[in-house]
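Structure first, commentary second.
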Amino acid sequence: MPESNETPAEPAEPEFSKEELRLAMKAFRKRLKLTRLDDESRLGYGPMSSGNQSGVAAIRPPDQYPAALWRALADQGKLRRNGGGLYSLVD
């Protein structure tokens, strides 16, 4: 059986326009904000309690954008991969 020296080529990441990346980041920030507000709305948070803030640091990005777009944003340094499909904002 002859051996081939060719290695299987990895599929190239698709290119995304600046507008797509901008809209995806806007959607991510909004999802993160709403997730934090939802977490803070439960009992134990509030003006008469200890005033804790949400501990939500990473979220699963919105499904309306492909996973490759989120990987591209992480490669650009705008998001941080936290494992398990979770991403967080870079400070």
Side-chain angles (χ1 to χ4, degrees):
M1 178 182 271
E3 290 186 28
S4 173
N5 290 339
E6 296 178 26
T7 58
E10 288 186 23
E13 291 286 328
E15 292 293 321
F16 298 102
S17 70
K18 288 187 178 210
E19 184 67 14
E20 284 178 303
L21 296 173
R22 186 186 68 78
L23 290 173
M25 279 301 294
K26 184 176 177 181
F28 184 85
R29 284 188 191 101
K30 186 172 185 176
R31 169 77 57 92
L32 181 61
K33 178 182 174 183
L34 291 175
T35 302
R36 286 178 175 164
L37 286 172
D38 184 49
D39 183 51
E40 290 174 356
S41 70
R42 63 186 170 87
L43 291 177
Y45 292 107
M48 302 307 262
S49 67
S50 62
N52 292 337
Q53 292 183 344
S54 174
V56 174
I59 60 168
R60 198 176 85 204
D63 295 333
Q64 66 215 38
Y65 295 98
L69 186 134
W70 303 114
R71 286 191 299 270
L73 285 169
D75 292 342
Q76 290 178 7
K78 295 181 179 180
L79 293 177
R80 182 179 317 128
R81 291 182 204 154
N82 289 50
L86 299 177
Y87 289 85
S88 62
L89 287 174
V90 174
D91 295 331

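Numbers here simply count residues along the sequence, with the first being 1.
The minimum heavy-atom distance between L79 and V90, with the atom names listed, is C-CG2, 3.6 Å. The minimum heavy-atom distance between R81 and R71, with the atom names listed, is NH2-O, 3.4 Å. Between N82 and S88 the shortest heavy-atom distance is OD1-OG, 3.0 Å. Of all heavy-atom pairs spanning A58 and L86, the tightest one is CB-CB, 4.1 Å. When all heavy atoms are compared, the tightest approach of A24 to W70 is O-CH2, 3.3 Å.
Side-chain contact between L89 and R29 is present, with at least one heavy-atom pair separated by less than 4.5 Å. Contact check for R31 versus T35: side-chain heavy atoms found under the 4.5 Å cut-off. Residues Y65 and F16 are not in side-chain contact: their nearest non-hydrogen atoms beyond the backbone lie 4.5 Å or more apart.
With rounding to the nearest 0.5 angstrom, the CG atom of L32 is 9.5 Å from the CG atom of L37. Atom CD of E19 is separated from atom CZ of R22 by 4.0 Å, given to the nearest 0.5 angstrom. To the nearest 0.5 Å, atom OG of residue S17 and atom CG of residue L69 are 9.0 Å apart. For the atom pair CD1 (I59) and NZ (K33), the distance works out to 13.0 Å, reported to the nearest 0.5 Å.
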- Apply side chain to side chain contact (heavy atoms under 4.5 Å, CB included) to the pair Q76 and L73, showing each step before the final yes or no. CA-CA 5 Å; Q76 290 178 7; L73 285 169; 4.0 Å; yes
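Looking only at distances, a side-chain donor or acceptor of R36 sits under 3.5 Å from a matching main-chain atom of V56.
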